[in-house]
Amino acid sequence: PLLDETVYLGAFRSVVAGRSPYEVAGYHYTPFFASVGARLLAWFGDSGALGILRASSVAGLALAVWCSLAWFGAAWRYRLALGVLYVVLAPTVGAGFALGNISFAAIGVILLTLMSWSRGSLLSGAIPSGVALGATVAAKPLAPLAVVALFCHRPKASETHGRYSRHWVAGLASGLAAFAFVLPMVPRLREMAAQPIHSLSYRRSFSLHRILELIGIDVRPTMIILGGALLLAILVRLRHLDRSELVAVATTASVMVTPIIWNHTLVLTLPLQVMALSIAVGRWRQRDPTAGRSRWYELILVALGALALQFSEGLGAVDEFPPLPQAAFLSFGYLTPAALLAYVLGARSERRKR
């Protein structure tokens, strides 16, 4: 077992023995994930549970990469080649697999649900998508704000179906599913909440919580999440978003309120990175000859933003800096997804006006 896998298996064994998973040092996930893992351990043993964890990570990454590359608009064989190249070369992918982290499994499901909730299919429509999203929130809450984005979404009239809006159904289903999965484990949730965020390793992380702490402001992570949820609800109610924009907004908001952001967490923003690069390349190809240089700068800046996210583990080099310079450096990495999101939304608004 790798580093994170050792922690997971220890928490699973603790639950099987009737003890709390939070007796295991380093376990900061939800009691629901520990409960599911305990059942896998009881049914399949250590090797079987470990194999299922790894298979789910591979499948989740494959889903995340394939869904994200849809915004390139290329033939499937080119998307497959790009996907393989990304998986082989991306530092974010390498770090996640080196740790044995389960984030990729959750990210794959999150992106799939954000792309499929509007379908009418019984297998991939609003209700199954909502339940799957709720399960990820209950197991590893990377994207609780995606639930808020879905429920508050304002689809265009052409995107509504019948007498109800599927985004309400998907948002409600995800919220109810998350509640149902964690309700039997409320006492364990209190144990989880009792763990101070400061006990987590901050190395290589560049979350808002860490940046505020470095400048002397101590804010509870729940307050950051609630504040982000409020701002997100206002944003999605003020503006009609198509499905692509909803994916970009929901994933960016989710990452920006996460208490700990490591580089493999940023795979959740891969669709945003692809959207931004696709727009920048398209605008450069259709550039006005008199403004060619500015389009070059635009493409370079977007590419640098995407590369900054892929190589974000390099921010660990500032971990030994004094607090204020450290906060300044980390802010660049933290604000990069927001900058790419502003670029994508601005470019798409400009296209509509034309």
Side-chain angles (χ1 to χ4, degrees), residues 22 25-31 33 101 103 106-107 110 136-149 151-152 175 178-179 182 186 188-238 248-266 268-269 272 308-309 312-313 315-342:
Y22 300 104
Y27 185 77
H28 304 287
Y29 291 77
T30 65
F33 177 56
N101 196 274
S103 291
I107 289 170
I110 292 166
T136 69
V137 173
K140 183 176 174 64
L142 275 180
L145 265 63
V147 179
V148 177
F151 191 77
C152 298
F179 182 75
V182 302
V186 169
R188 295 296 187 211
L189 282 177
R190 291 175 185 152
E191 293 179 40
M192 176 183 170
Q195 298 184 92
I197 194 70
H198 311 283
S199 67
L200 295 174
S201 171
Y202 268 155
R203 297 191 67 84
R204 297 175 291 109
S205 171
F206 51 99
S207 65
L208 178 59
H209 186 277
R210 180 184 179 186
I211 293 169
L212 291 176
E213 187 180 75
L214 285 169
I215 61 177
I217 302 174
D218 189 11
V219 181
R220 293 181 63 85
T222 51
M223 297 305 296
I224 293 176
I225 293 173
L226 290 174
L230 178 61
L231 291 175
L232 175 64
I234 293 172
L235 172 62
V236 296
R237 292 306 299 172
L238 287 177
V249 169
T251 54
T252 302
S254 296
V255 165
M256 296 191 75
V257 300
T258 301
I260 299 291
I261 303 175
W262 284 307
N263 60 344
H264 56 264
T265 312
L266 293 171
L268 186 58
T269 68
L272 172 66
L309 295 178
S312 58
E313 189 172 8
L315 286 169
V318 306
D319 283 345
E320 306 303 327
F321 282 21
L324 290 180
Q326 193 178 152
F329 274 102
L330 296 177
S331 296
F332 284 108
Y334 174 75
L335 293 173
T336 297
L340 290 178
L341 176 64

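Bear in mind the structure is a predicted one, so any value in this text is a computation, not a measurement. Starting from 1, each residue takes its place in the sequence as its number. Hydrogens, waters and symmetry mates play no part in the numbers below; they use all other heavy atoms, side chains included.
For the pair Leu324 and Ile215, the minimum side-chain heavy-atom distance is below 4.5 Å. Using a 4.5 Å heavy-atom threshold, the side chains of Leu214 and Phe321 count as separate. The side-chain heavy atoms of Leu145 and Ile225, taken from C-beta on, include a pair separated by under 4.5 Å. Counting heavy atoms from C-beta on, the side chains of Thr136 and Leu142 never come closer than 4.5 Å. The closest side-chain heavy-atom distance from Leu231 to Met256 is not below 4.5 Å.
Between the Arg210 side chain and the Ile260 main chain, no donor and acceptor come within less than 3.5 Å of each other. Without hydrogens or angle criteria, Ser205 side chain to Trp262 main chain gives no donor-acceptor distance under 3.5 Å. Thr30 places a side-chain N or O within 3.5 Å of a backbone atom of Phe33 that can act as its donor or acceptor partner. Proximity of a side-chain donor or acceptor of His209 to a complementary backbone N or O of Arg220 within less than 3.5 Å is not detected. Using a distance-only test at 3.5 Å, with no hydrogens or angles considered, no donor-acceptor pair links the side chain of Tyr334 to the main chain of Pro337.
Interatomic distance, CZ of Phe206 versus CG of Asn263, reported as 7.5 Å (0.5 Å rounding). Atom CG of Leu309 is separated from atom OG1 of Thr269 by 5.0 Å, given to the nearest 0.5 angstrom. Annotation: the span from Asn101 atom CG to Thr265 atom OG1 amounts to 7.0 Å, rounded to 0.5 Å. To the nearest 0.5 angstrom, Thr336 atom OG1 is 12.5 Å from Leu341 atom CG. A distance of 8.0 Å separates OG1 of Thr252 from CG of Leu340, quoted to the nearest 0.5 Å. Between Leu266 atom CG and Glu313 atom CD the span is 11.0 Å, to the nearest 0.5 Å.
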- Take Leu212 and Ile224, measure what side chain to side chain contact (heavy atoms under 4.5 Å, CB included) needs, and give me the verdict at the end. CA-CA 11 Å; Leu212 291 176; Ile224 293 176; 4.3 Å; yes
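The minimum heavy-atom distance between Val137 and Pro144, with the atom names listed, is CG2-CA, 4.0 Å. Between Leu272 and Ala248, the closest heavy-atom pair is CD1-CB, 4.0 Å. The shortest heavy-atom contact between Val147 and Gly175 is CG1-N, 4.1 Å. Here the closest heavy-atom approach between residue Val182 and residue Ala138 is recorded as CG1-CB, 3.7 Å. Summarising the geometry of Ala146 relative to Ser254, their closest heavy-atom pair is N-OG, 3.7 Å, with the distance given to 0.1 Å. Between Ile261 and Ser207, the shortest heavy-atom distance links the atoms CD1-CA, 3.8 Å.
Crowding of Tyr22 atom OH: a count of heavy atoms from other residues, nucleotides or ligands under 6.0 Å exceeding 12.
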